[in-house]
Amino acid sequence: MNAAREHLTFARGLCDLFSANDPRKAALAAKISQIEYRLDDPGYRLAVIGEFSSGKTTFINALIESDLFPTSALPTTAAAVEIRYGPRLAVTARFRDGQVHRLRSRRWWHLFRRRPQLPGLGRVDADLRRTLGQLITDETAAPLIAHLEVEYPAPFLSDGLIIVDTPGTNAAQGHSAVAHEAVSGADVAVIVLSGLEVLPLSLVNFLLQTLDPRLLQRCAYVVTRMDDVRPAERDELLRFATNRVRDELGVERPPVLATAPQAVIRRLRRESPRNDEQDWLDGFQQTRDWLQRTAKQQREIATTDTVLRHIDDTMRELSVELEATSAQLATERARLEASQLSDLPSFLAGHRQAGTAVLRDTRTSLANRIEYTVATARAATVQAVAAEIDACANKQTLEAVLASTVPTLVGQEMHRLGTESARLVETELEQALSAAVTSVAAAFAAEYAKLERRSGGPAGAAVAQPVVDTAALVDTSSFTAATAVFSQNTMRGAAGAAGGAAAGAALGSVVPGIGTLVGGLVGGLIGMFAATKAFATMRDQTREQAKSATEAAFGQLSARLGAGVDAALTAHEHEFTRRLDWYRVTYQRRIDEVRAEHQHDLAQLTAYTQRVNAARRDAADRRVRVDHERNALAEEWMRGERSV
Ligand SMILES: Nc1nc2c(ncn2[C@@H]2O[C@H](COP(=O)(O)OP(=O)(O)OP(=O)(O)O)[C@@H](O)[C@H]2O)c(=O)[nH]1
Ligand SMILES: [Mg+2]
């Protein structure tokens, strides 16, 4: 028993591994307290187990020489009852909701004193007996009862033997669950086999599933209702019972006792005796004596083994919990380790490359579109200029067309192209920048979510409240800034312009310059007129010159727009890099904070994991020790006298 106490101290130590508010700690501590209580409890629990109507309660009534407990041919016992010695009948019902009711016989003690040779029968307080009967048999009351304890002044119980009556193992679902629970605390058990059906398979299954293997070895097998078996078949039946117990339950030399406890009850009730009644009465006395004798011999071994069994159960539970904790810790460690962005430079380089690629693709497609638009406009303008020149009938109209119509025509077309291109470039690059920045923002948001600490709540909470507000990233000020750079580089003289419409208007301001250029060329042509006599020749030459001058002007426009697109790209790339860098700096700051916290957590986690793993090893070693101790007890018990 001292070893058991030491095991319990050890188990308490293991419970300290769970935090104070962990419900497992309270549950395990309660179990350990229960075992300690059992260690100090002098009671020796004998469970009576069997199928319904096998005669368990009748057998118990006969042991205590009373018909106190209700019996019948139908499933009867619904609540498990613990029957222990007490100076007078008392019933304590502990309900699952915590209520405790204690009822005592008022008259019993005096009656018992007056008629000690006839304990019980007919003299028990009628009300109390009825109440007790109801508590035991009532199907609706039984599930509400956690413990039903009866004290009774039977000599059989005076040594501290506690009998546990159980519901039939094969009766209603609730009954077998109650039986299961009642049996879990037993030190020793009597298996009641009805002489009418010896050890049915359902009972075999119940016993193998419910009883600890060593407890199973300590069971006694009582065949009841033997008076209902024909005398010629009795020996054969007992042999059959012995073999079946050996074969089905794996018990060598099981003690099998033949009884007819009903005879004891009949005598108590003063009913007329049956044939060979006296034999059954004598036989039952022998059974009672045998049980008392072996109980005395087994007691120390059995109660020690029960405590060790409970310790083993608790240690196993502890091991399972520790294993679960260990797995949790491994997950936590993996999460912590995964939450650190190991290679920030390559993460950034990847995103820079992706963002830049988006912007450059946009530039290429813009340049192509503008070039195509300019080429189309150029061809149309050249045609329109030629048509104007062809419509001239003399030198004066030709001069007027060259001086005013052609420059206006070319100028208007270029103005339109400039304005449209500016709007296009601005819109497309803005969109590309926005897409690139949004994707970077999402990537950083994901990293931030990973960085969130355990104490900051689950990862989900971090995602729900992102550190990076992606909405703020599509910040119009950056586009205003980009547009400003775009304007400065592309359209001198429009540096003050900002915003979409202003930038578009500013691009248009390039047109007067181009108009002058065209005008200059046309002026050169007019100079040529003096030397040329024939008007038709003059007009042909003028058309050709005007064509090449127009084409050159469009060529220059195209170059300027191309340069404008490139400058806009540079500005947007610059802005993108600035944003990326801003994220990097902010993130790095956060990373430094979090990493310090993680380092601390990891160190704690490592230390705790080591303690848990050491505890798991210790618990496993301890279970091996407990097992050895239980084996030694089993051997000691086998050496004892067990024959019937
Ligand atoms: N003839 C005879 N009948 C018995 C004997 N023992 C029990 N009986 C009868 O068998 C029936 C069932 O007995 P119980 O003691 O209620 O059986 P139980 O195993 O407690 O049944 P549950 O509480 O329902 O699980 C009753 O009618 C008893 O009178 C016996 O030794 N001889
Ligand atoms: Mg019963």
Side-chain angles (χ1 to χ4, degrees), residues 46-83 121 129 132-139 141-142 145 148 150 163-183 189-200 202-203 206-207 210 220-231 233-234 237-238 241 256-269 271-288:
L46 180 144
V48 179
I49 307 166
E51 304 228 300
F52 83 87
S53 279
S54 55
K56 299 179 292 295
T57 305
T58 308
F59 177 71
I60 292 167
N61 277 341
L63 285 177
I64 62 169
E65 297 170 271
S66 159
D67 66 349
L68 179 62
F69 297 104
T71 61
S72 94
L74 300 170
T76 309
T77 309
V81 196
E82 270 189 21
I83 309 143
L121 192 69
R129 209 180 127 155
L132 176 61
Q134 269 171 358
L135 285 173
I136 292 172
T137 58
D138 192 315
E139 295 284 341
I145 299 170
L148 195 56
V150 174
I163 301 177
V164 185
D165 191 9
T166 63
T169 54
N170 61 330
Q173 190 58 35
H175 283 208
S176 84
V178 172
H180 193 289
E181 197 181 325
V183 161
V190 165
I191 313 297
V192 172
L193 308 172
S194 165
L196 309 180
E197 195 189 7
V198 172
L199 198 61
S202 49
L203 181 59
F206 178 87
L207 294 174
T210 311
Y221 300 84
V222 170
V223 184
T224 57
R225 309 181 74 156
M226 282 300 276
D227 54 339
D228 279 346
V229 178
R230 274 189 293 177
E233 292 171 2
R234 286 174 188 161
L237 183 73
L238 287 179
V256 178
L257 301 106
T259 63
Q262 190 66 31
V264 179
I265 307 303
R266 273 197 298 270
R267 197 200 56 185
L268 286 171
R269 287 180 184 156
E271 287 173 13
S272 51
R274 289 205 198 170
N275 286 345
D276 56 15
E277 187 93 313
Q278 193 54 46
D279 290 350
W280 290 120
L281 286 172
D282 295 345
F284 197 82
Q285 186 56 45
Q286 282 169 18
T287 299
R288 202 187 280 127

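Order of appearance sets the numbers: ligands from 1, and atoms from 1 within every ligand.
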- request: Can you sort out which atoms of ligand 1 are near Pro75, meaning under 4.0 Å from one of its heavy atoms?
  value: 24 (O)
message: With a 4.0 Å cut-off on N to O distance, would you call Arg234 and Asp279 a salt bridge?
response: no
message: Could you tell me if Thr57 and Thr77 have a donor-acceptor pair between their side chains, going purely by distance under 3.5 Å?
response: yes
- request: Could you tell me which atoms of ligand 1, counted from 1 in the order shown, lie closer than 4.0 angstrom to a heavy atom of Leu74?
  value: 24 (O)
message: Any donor-acceptor pair under 3.5 Å linking the side-chain atoms of Asp282 with those of Gln278?
response: yes
Atoms in ligand 1 flagged as close to Gly168, the criterion being non-hydrogen separation under 4.0 Å: 25 (O)
- request: Answer yes or no: is there a side-chain heavy-atom contact under 4.5 Å between Thr58 and Arg225?
  value: no
Identity and separation of the nearest protein heavy atom to atom 29 (O) of ligand 1: Gln262 OE1, 3.3 Å
Atoms in ligand 1 flagged as close to Asp228, the criterion being non-hydrogen separation under 4.0 Å: 1 (N), 2 (C)
message: Please determine whether Thr77 has a backbone or side-chain N, O or S atom lying under 2.8 Å from the Mg ion (ligand 2).
response: yes
- request: Return the option from Ser72, Gly55, Ala73 holding the heavy atom at the smallest distance from atom 12 (C) of ligand 1.
  value: Ser72
message: Run the side chain to side chain contact (heavy atoms under 4.5 Å, CB included) test on Leu68 and Arg129 for me, step by step, so that the C-alpha distance in whole Å, both residues' side-chain angles and the decisive distance to 0.1 Å come before the verdict.
response: CA-CA 7 Å; Leu68 179 62; Arg129 209 180 127 155; 4.1 Å; yes
field: Glu51 touching ligand 1 at heavy-atom level, < 4.0 angstrom
entry: yes
- line: Nearest heavy-atom approach of Val48 to Thr166 is O-OG1, 2.6 Å
message: Please compare Ile136, Asp227, Val192, Asn170 and report which has the shortest non-hydrogen distance to atom 2 (C) of ligand 1.
response: Asp227
task: Mark up the atoms of ligand 1 that fall under 4.0 Å of a heavy atom belonging to Thr77, in ascending order.
output: 22 (P), 23 (O), 24 (O)
- prompt: To the nearest 0.1 Å, how far is atom 15 (O) of ligand 1 from its closest protein heavy atom, and which atom is that?
  reply: Thr58 OG1, 2.5 Å
query: For the Mg ion (ligand 2), does an N/O/S atom of Thr57 lie at less than 2.8 Å?
result: yes
- request: Identify the protein heavy atom lying closest to atom 22 (P) of ligand 1, giving its residue, its atom name and the separation to 0.1 Å.
  value: Ser53 N, 3.6 Å
message: Quick test: of every protein heavy atom, which one is nearest to atom 3 (N) of ligand 1, and how far off is it to 0.1 Å?
response: Arg225 NE, 3.7 Å
- prompt: Is the backbone N or O of Thr224 less than 3.5 Å from a side-chain atom of Ser54, with the two atoms forming a donor-acceptor pair by type?
  reply: no
task: Among all protein heavy atoms, pick the one closest to atom 24 (O) of ligand 1 and tell me residue, atom and distance.
output: Thr76 N, 2.7 Å
message: I need the atoms of ligand 1 closer than 4.0 Å to a non-hydrogen atom of Thr71, numbered in the order shown.
response: 14 (P), 15 (O), 16 (O)
query: Nearest 0.5 Å, what's the CD-CG distance between Glu51 and Leu196?
result: 12.0 Å
